[in-house]
Amino acid sequence: CGHYTTKSEDRIPKIYTKTGDKGFSSTFTGERRPKEDHIFEALGTTDELSSAIGLAREFCLEKGHSFTDQLDKIQCVLQDVGSNIATPRSSARESHIKKTKFSSQPVAELESWIDSYTEELPPLTSFILPSGGKSSAALHVARAVCRRAERCVAPIIRSGEADPDVGKYLNRLSDYLFTLARYAALKEGNSERIYTRPEGGCV
């Protein structure tokens with residue numbers, strides 16, 4: 001007995017496309033570039049950042065933190081960050097630019113959240129090591145990945161290929177994640193480990 005596929009089954013896309021088998025990928029504008037191109041490096045690091053935030057969010061959910069909706073929104077905004085990066089201005093049409101434009105509004109929102117949490121935190125007097133429980137430590141990992149994403153995006157912005165607000169967003173996001181890591185530790189009643197110089201100095 002033969003198997004007959006329905007129209008709905010025919011429309012299911014395959015996860016693999018084979019279009020990247022020769023070491024090239026396409027930007028949103030349709031331009032083919034080597035996979036090691038700075039555009040794809042920035043896209044991959046932004047994806048890694050979203051994944052790190054997703055992991056941190058799971059730890060925060062287990063502890064019942066009320067700010068996980070903010071992490072949800074941030075992951076969605078990072079998709080927009082990726083769309084902007086994937087649309088290099090040198091090969092973009094006006095329709096591409098209009099569709100992937102990144103505004104300053106998400107930057108202002110992060111600043112508002114940072115200010116709100118900072119009001120509840122004790123002042124910083126020493127260098128803090130990533131610590132304070134699983135939620136806090138995972139948020140510190142996400143912060144470190146965010147810094148790397150910002151470094152990857154910086155040359156793309158300087159060359160005029162991406163919106164400057166993308167860089168500003170990543171910069172504020174790392175500050176947000178640092179602040180949120182401290183806030184999570186505070187709410188969970190966990191102490192943050194402070195840097196102390198080892199005896200004999202640093203090796």
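Along the sequence shown, residues carry numbers from 1.
In this structure, the side chains of Glu48 and Arg148 come closer than 4.5 Å at one or more pairs of heavy atoms. Leu173 has its side chain within reach of Leu49: a pair of non-hydrogen atoms, C-beta onward, lies under 4.5 Å apart. Proximity of Phe67 to Trp113: side-chain heavy atoms (C-beta onward) are nowhere separated by under 4.5 Å. The shortest distance between side-chain heavy atoms of Ile128 and Tyr195 does not fall below 4.5 Å. By the 4.5 Å heavy-atom criterion applied to side chains, Pro155 and Glu161 are not counted as neighbours.
There is a path of hydrophobic side-chain contacts, each under 4.5 Å, that joins Ile114 to Leu78.
Rounding to the nearest 0.5 angstrom, the gap separating the OG atom in Ser159 from the CD1 atom in Ile39 is 7.0 Å. The NE2 atom of His140 sits 10.0 Å away from the CG atom of Leu180 when rounded to the nearest 0.5 Å.
With hydrogens and angles ignored, the 3.5 Å screen pairs no side-chain donor or acceptor of Ser126 with any backbone N or O of Ile194.
In this structure, Lys134 does not pair ionically with Glu62, as no charged nitrogen and carboxylate oxygen lie closer than 4.0 Å.
In terms of heavy atoms, Gly132 sits closest to Asn190 at O-ND2, 3.0 Å.
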Take Glu111 and Tyr176 through the test side-chain hydrogen bond (donor to acceptor under 3.5 Å, both in side chains) and record every step on the way to the result.
CA-CA 8 Å; Glu111 291 173 346; Tyr176 167 85; over 6 Å; no
Would you sort out whether Leu186 and Tyr117 count as a side chain to side chain contact (heavy atoms under 4.5 Å, CB included), showing the intermediate values?
CA-CA 11 Å; Leu186 175 70; Tyr117 293 129; over 6 Å; no
Please step through side chain to side chain contact (heavy atoms under 4.5 Å, CB included) for the pair Phe102 and Val77, ending with a clear verdict.
CA-CA 9 Å; Phe102 194 85; Val77 173; 3.8 Å; yes
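More than 12 heavy atoms of other residues, nucleotides or ligands shown are found within 6.0 angstrom of CZ on Arg147.
Side chain to side chain, Glu188 and Ser135 meet the donor-acceptor criterion of an N or O pair below 3.5 Å.
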